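These numbers were taken from a predicted model, which means no experiment stands behind them. Lettering of chains follows the sequences in order, A, B, ..., and the numbering in each one begins at 1.
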Amino acid sequence: MNGNIFTKDLLAWYDHHARALPWRLERSPYRTWISEVMAQQTQIDRVIGYFEHWMDQFPNIESVAKAHEEQILKAWEGLGYYSRARNIQKAAAVIIQEYGGDFPQTPEDIRSLPGVGEYTAGAIASIAFRLPVPAIDANVLRVFSRLLDIEISVSDKAAKDEIAKQVCQILPEARPGTFNQALMELGALVCSKRPLCENCPVSDHCVALKNKTVDKRPVLSPKKKSIQIEMATGVLLSAGKVLIQKRKPDDIWPGLWEFPGGGIESGESPEEALVREYMEEVELDIIPHEKIGVIKYSYTRYRVTMHCYLCKLTDTAPVTPVFNEASEGAFVLPDELDGFAFPSGHRRLLESMREDVRYSSLFSFSV
DNA sequence: TATACGTGGAT
DNA sequence: TATCCAAGTAT
């Protein structure tokens, strides 16, 4: 591959087609860092709103370090992979304590920050500090799997090593950050899952195009089967308030809030499961009073069907919950629920209640 | 090296 | 409706 021509064509294309993303309009190491972590394992269009809100709320590293974890998680609510948000806060503390508040400037120091791996370190170093290091993400792997017509899985280390070697060989000293972004942008806009080869500025260099194997690249590893689970969740309404609890560390969604409930065991009805779960989790005797609806959502490899009920306490029941499966919990006013960070399924349950004429009067600002 | 960790748009 | 999979990291 002639790296000079490749780079010239790629950068000319990028200069013309790059999206005007908010973190590109005003650059700083801090903004680059946050945008890169937010963009991990998701699509750029979903990040933009979160990024702008984050910068309004946390305009600098110090404001992140000083924030409560609740605020951090609330700002991240819906983005998923919440350890990223907690790691940002851990890293902010490291930057304040170890680097006097100045973002570290070598690839090794950047890489040592919590939540910053090989890709993100390369992205920050090249984009924010103009250091000539690669930033190889899923886009770049896809682009090079086609450019080089790589026949083995791109998750194979040998494939990654070969791609890294090629990227390093053509990485320009002058504009490494722009070059890395251009490769990713090409992967996102042109060399995507269904590629638009007629629009590709570097198609002359593409071996897969020549070999007519573009739609066979990249070769991906076989994926694991998803697991279907049925759950029952209850919104317990008592004296105008609803019960929520905060998930424990070392489980899925640590630190996020939820309505109590759990998995439906074989032979159980959703209502029976809910009564059992409420007794186990919060030691309250409840009655599933009315079915709110069914919400389907997924997380990691699980596909959840969540049966949702409005619940009441039985007459004789004690009214003080004991939180056996949560770090804390509380009865709160429905209007206060927006201040808590929920996993998406529970957030959608809340929104479905707000839009339901049976429950909208519980909220001051109903749709 | 394999697995856990979320989510929603595209197909 | 079901499956894929996207600007990855930690363990």
Student: Contact class for A/Arg347 vs. all strands (heavy atom < 4.0 Å): base, sugar-phosphate, or nothing?
Tutor: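 No contact.
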
Student: Considering every strand and a 4.0 Å limit on heavy-atom distances, what is the contact class for A/Tyr297: base, sugar-phosphate, or nothing?
Tutor: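 It contacts nothing in the nucleic acid.
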
Student: Classify the nucleic acid contact of A/Ala138 as base, sugar-phosphate or nothing, counting any heavy atom under 4.0 Å across all strands shown.
Tutor: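 Sugar-phosphate, backbone atoms only, no base.
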
Student: Expressed as a whole number of angstroms, how long is the span from A/Tyr81:OH to C/dA6:C1'?
Tutor: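 Roughly 10 Å, once rounded to whole Å.
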
Student: So does A/Arg347 pair up with A/Asp338, basic N to acidic O under 4.0 Å?
Tutor: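 Here A/Arg347 pairs with A/Asp338 in a salt bridge, since their nearest N and O are under 4.0 Å apart.
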
Student: Should A/Arg303 be listed as having a side-chain N or O under 4.0 Å from OP1 or OP2 of C/dC4?
Tutor: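 False: A/Arg303 side-chain N/O out of range (4.0 Å or more) of C/dC4 OP1/OP2.
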
Student: Please check the phosphate of B/dT7 (OP1 and OP2 only) for any side-chain N or O of A/Trp253 closer than 4.0 Å.
Tutor: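 A/Trp253 to B/dT7 OP1/OP2: side-chain N or O found under 4.0 Å.
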
Student: Pick the nucleotide of DNA chain C nearest each of A/Ile44 and A/Val116; which residue has the one closer to the 5' end?
Tutor: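 The residue mapped nearer the 5' terminus is A/Ile44.
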
Student: Nearest whole Å is fine: how far is B/dG8 P from A/Gln41 CD?
Tutor: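 Those two atoms, CD and P, are 15 Å apart.
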
Student: Which part of the nucleic acid, if any, lies within reach of A/Gln181 when heavy atoms closer than 4.0 Å are counted: base, sugar-phosphate only, or nothing?
Tutor: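 Since no nucleic acid heavy atom lies under 4.0 Å of A/Gln181, the category is nothing.
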
Student: Tell me, yes or no, whether the heavy-atom count around A/Glu62 atom CD, taken from other residues, nucleotides or ligands under 6.0 Å, exceeds 12.
Tutor: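 Atom CD in A/Glu62 is not packed in, count stays at 12 or less.
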
Student: Rounding to the closest angstrom, what is the interatomic distance between B/dG8 and C/dT9 at atom P?
Tutor: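 My reading of the P atoms in B/dG8 and C/dT9 gives 22 Å.
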
Student: Whole Å only: how far is the OH atom of A/Tyr119 from the C1' atom of C/dT9?
Tutor: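 After rounding, the gap between these two atoms is 13 Å.
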
Student: Classify A/Gly187 by what it touches in the nucleic acid, base, sugar-phosphate, or nothing, heavy-atom distance under 4.0 Å.
Tutor: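 Contact class for A/Gly187: none.
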
Student: Considering every strand and a 4.0 Å limit on heavy-atom distances, what is the contact class for A/Thr120: base, sugar-phosphate, or nothing?
Tutor: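 If one applies the 4.0 Å heavy-atom cut-off, A/Thr120 turns out to touch the sugar-phosphate alone, with no base involved.
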
Student: Quick one: A/Leu141 CG to C/dA6 C1', roughly how many Å, whole number?
Tutor: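 The distance from CG of A/Leu141 to C1' of C/dA6 comes to 12 Å, rounded to the nearest Å.
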
Student: Rounded to whole Å, please give me the gap between CZ in A/Arg247 and C1' in B/dA4.
Tutor: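 Distance, rounded to whole Å: 14 Å.
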
Student: In plain terms, say whether A/Arg24 and A/Glu185 are close enough for a salt bridge, that is, a side-chain N and a carboxylate O under 4.0 Å apart.
Tutor: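 Salt bridge present between A/Arg24 and A/Glu185.
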
Student: Does A/Arg301 place a side-chain N or O at less than 4.0 Å from the phosphate oxygens OP1/OP2 of C/dT3?
Tutor: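 Indeed not, no polar side-chain atom of A/Arg301 lies that close.
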
Student: Is the A/Phe259-A/Phe342 ring centre distance short of 6.0 angstrom?
Tutor: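 Here the rings of A/Phe342 and A/Phe259 have centres that are less than 6.0 Å from each other.
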
Student: Check whether any side-chain nitrogen or oxygen of A/Lys224 sits under 4.0 Å from OP1 or OP2 of B/dT3, and answer yes or no.
Tutor: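 Checking A/Lys224 against B/dT3: at least one side-chain N or O falls below 4.0 Å of OP1 or OP2.
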
Student: Counting only heavy atoms not in A/Lys248, do more than 12 fall under 6.0 Å of its NZ?
Tutor: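 Yes, enclosed.
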
Student: Please tell me if A/Ser344 has a side-chain N or O lying less than 4.0 Å from either OP1 or OP2 of B/dT7.
Tutor: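 For B/dT7, OP1/OP2 do have a side-chain N/O of A/Ser344 under 4.0 Å.
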
Student: Which value, in whole Å, describes the distance between the P atoms of nucleotides B/dT11 and C/dA7?
Tutor: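 Between the two P atoms, the distance is 14 Å.
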
Student: Separation of A/Asp45 atom CG from B/dT7 atom P, in whole Å?
Tutor: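 After rounding, the gap between these two atoms is 19 Å.
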
Student: Over all strands shown, is A/Leu220 touching base, sugar-phosphate only, or nothing at heavy-atom distances under 4.0 angstrom?
Tutor: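 It contacts sugar-phosphate atoms only.
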
Student: In terms of the nearest nucleotide of DNA chain C, which residue is placed more toward the 5' end: A/Asn87 or A/Glu36?
Tutor: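 The residue closer to the strand's 5' end, by nearest nucleotide, is A/Glu36.
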
Student: Using only heavy-atom distances, decide whether a donor-acceptor pair under 3.5 angstrom links the side-chain of A/Gln40 to the base of C/dG8.
Tutor: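 No pair found.
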
Student: With rounding to the closest Å, how many angstrom separate the C1' atoms on B/dT1 and C/dG8?
Tutor: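 Here B/dT1 and C/dG8 have their C1' atoms 16 Å from each other.
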
Student: Mapping A/Gln43 and A/Ser155 to their closest nucleotides on DNA chain B, which lands nearer the 5' end?
Tutor: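 Upstream on the strand: A/Ser155.
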
Student: Once you round it to whole Å, what is the distance between P of C/dT9 and CD1 of A/Ile136?
Tutor: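 For the pair A/Ile136 CD1 and C/dT9 P, the rounded distance is 12 Å.
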
Student: What contact category does A/Arg86 fall into here, base, sugar-phosphate, or nothing, at under 4.0 angstrom with non-hydrogen atoms?
Tutor: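 Touches nothing.
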
Student: Could you give the distance separating C/dC5 and B/dC5 at their C1' atoms, to the nearest angstrom?
Tutor: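 Pairwise C1' distance, B/dC5 against C/dC5, rounds to 15 Å.
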
Student: Is the shortest heavy-atom distance from the side chain of A/Arg84 to the side chain of A/Leu79 under 4.5 Å?
Tutor: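 The answer is yes, as the side chains (C-beta and beyond) meet within the 4.5 Å cut-off.
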
Student: Taking the nucleotide of DNA chain B with the closest heavy atom to each, which residue, A/Tyr302 or A/Arg348, is nearer the 5' end?
Tutor: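 Looking at DNA chain B, the more 5' nearest nucleotide goes with A/Tyr302.
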
Student: I want to verify a distance call: between B/dT7, C/dA7, C/dT3, whose nearest atom is closest to the A/Arg142 side chain?
Tutor: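 My answer, after comparing the listed nucleotides, is C/dA7.
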
Student: Of the listed nucleotides (B/dG8, C/dA7, C/dA10), which one gets closest to any side-chain atom of A/Ser298?
Tutor: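 Given the options B/dG8, C/dA7, C/dA10, the side chain of A/Ser298 is closest to B/dG8.
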
Student: How long is the line joining CZ of A/Arg46 and P of C/dG8, in whole Å?
Tutor: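 The answer, rounded to whole Å, is 14 Å.
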
Student: Less than 4.0 angstrom from a charged side-chain N to a carboxylate O is my criterion; do A/Glu351 and A/Arg354 meet it?
Tutor: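 So A/Glu351 pairs with A/Arg354 through a salt bridge.
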
Student: Give one of base, sugar-phosphate or nothing for A/Thr300, where a contact means two heavy atoms less than 4.0 Å apart.
Tutor: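 Touches a base.
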
